[in-house]
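Order of listing sets the numbers, starting from 1, for every ligand and every atom in it.
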Amino acid sequence: MAQATRVFFRHFSSSSSRFGNIKNVTIIGTGLMGAGIAQVAASTGHHVVMVDQTDDILSKSKANIEKSLQRVVKKKYADNPKAGETFIAEVMSRLTTKTDAAAAVKNTDLVIEAIVENLEVKKKLFSSLDKAAPKHTIFTSNTSSIPIKDIAVATQRQDRFGGLHFFNPVPVMKLLEVIRIPATSDETFNTLLAFGKAMDKSTVNCKDTPGFIVNRLLVPYMMEAVRMVERGEASPQDVDTAMKLGAGYPMGPFELTDYVGLDTCKFIIDGWHKKYPDNPLFMPSPLLDKLVSEGKLGNKTGEGFYKHKK
Ligand SMILES: CCCCCCC[C@H](O)CC(=O)SCCNC(=O)CCNC(=O)[C@H](O)C(C)(C)COP(=O)([O-])OP(=O)([O-])OC[C@H]1O[C@@H](n2cnc3c(N)ncnc32)[C@H](O)[C@@H]1OP(=O)([O-])[O-]
Ligand SMILES: NC(=O)c1ccc[n+]([C@@H]2O[C@H](COP(=O)([O-])OP(=O)(O)OC[C@H]3O[C@@H](n4cnc5c(N)ncnc54)[C@H](O)[C@@H]3O)[C@@H](O)[C@H]2O)c1
């Protein structure tokens, strides 16, 4: 291919798939994950409506996004802080907030749900959104562990339903798992892959199997670390040091459990134990249960396996 044609092709193909038809995105649940997803979607030119239960939560989420953007521009615009400020102002101007989910989806191309890891709560939400959203709107869940098809049954649009599983912290982690259920149409799946690219993520194609790819491997590993401590075989500090220095992981499993949130970890393992009671990899952990019952949920509450500055 001649140089000019190659340049034109690269330019044309990137601009035509820039948004993969997705311009307006609604993100429901703006905690740890939803805020990160909103930040990256707005940073890549999408118009984003953020939905949560109260205005107070939404203002905290916006403040967290602004803090995270400061970290991003510190490096990206190191030589031009003024351009960094302009970038942050532009990104923030693409974010709006609402507490009424049904009203928020009236004009949206894509819904990304990132609320609590609970099947019944997610189904109730999607059932009401199904009545309110336009026909073309694609619905997705960022669930860590719930089968996408179990959530999709709450709607009449299973061909326009899939999974978009982002990783924490969303502004830093490059991976996006794109999940299809048997009913997902090729058009929907391709639009989700294009959207992932427009978000500057590397996508992998996943089937709707437990934990998709990453969590099917990560959850048993993290739970076995907790069980090692329960059996008195090692301390959390030593397990973390061992896995960072001996296996090259950026965080040890206990640092990661605190980072993810112990409540989310418990929701995942309890859900899988209920579904697969005979699988020893998915047995609940008395230590994890105890910490959650004491409100020690990790970084977000100031204490989990470790104490953290809030
Ligand atoms: C039991 C069941 C459990 C199941 C769990 C499943 C959960 C879920 O479904 C899947 C997951 O997400 S699994 C979880 C998957 N996640 C993992 O596995 C994470 C593993 N951990 C890591 O990869 C690293 O420790 C971090 C990247 C978190 C921090 O890196 P570090 O070197 O230790 O510390 P650093 O020097 O501070 O930061 C380095 C750079 O990152 C930048 N930055 C950070 N946060 C930022 C933010 N919020 N915004 C913007 N930027 C942010 C920062 O500015 C800096 O930039 P620079 O340009 O280099 O100066
Ligand atoms: N924490 C992680 O590392 C991680 C990573 C990938 C995926 N996930 C998944 O993402 C989802 C969210 O996890 P998180 O860690 O961001 O949780 P979180 O607790 O930080 O945030 C959840 C947010 O959802 C809001 N919410 C709850 N019910 C709602 C409703 N009915 N309508 C609107 N908002 C509602 C809450 O107020 C809260 O702000 C879960 O399904 C989880 O499994 C989590």
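The heavy atom nearest to atom 51 (N) of ligand 1, considering only T143, N168, L32, V172, is found in V172.
For F282 and H273, the ring centers are positioned 6.0 Å apart or more.
In this structure, atom 34 (O) of ligand 1 has no protein heavy-atom contact shorter than 4.0 Å. Within the 4.0 Å cut-off (strictly below), no protein heavy atom is located near atom 55 (C) of ligand 1. Remark: atom 37 (O) of ligand 1 lies closer than 4.0 Å to at least one protein heavy atom.
The protein heavy-atom contact nearest to atom 8 (N) of ligand 2 is S144 OG, 3.1 Å. The closest protein non-hydrogen atom to atom 31 (N) of ligand 2 is I115 CD1, 3.9 Å.
The proximity of I28 to ligand 2, defined as any non-hydrogen pair under 4.0 Å, is limited to the side chain. At a heavy-atom distance under 4.0 Å, only side-chain atoms of H165, from C-beta outward, approach ligand 2.
The shortest N/O to N/O separation between D263 and ligand 2 does not fall below 3.5 Å. Taking distance alone, with nitrogen or oxygen atoms compared against 3.5 Å, K122 approaches ligand 2 more closely than that limit.
Using a 4.0 Å heavy-atom cutoff, G261 is absent from the residues neighbouring ligand 2. Ligand 1 does not have I269 within reach: every non-hydrogen atom of the residue lies 4.0 Å or more from it. The shortest heavy-atom distance from K67 to ligand 1 is not under 4.0 Å. At least one heavy atom of Y259 sits closer than 4.0 Å to an atom of ligand 1. Ligand 1 has at least one atom lying under 4.0 Å from a heavy atom of L218.
The contact set between ligand 2 and T143, taken as ligand atoms under 4.0 Å from a residue heavy atom, comprises 41 (O). Atoms of ligand 2 found under 4.0 Å from any heavy atom of K300 (numbered from 1 in listed order, with element): 19 (O).
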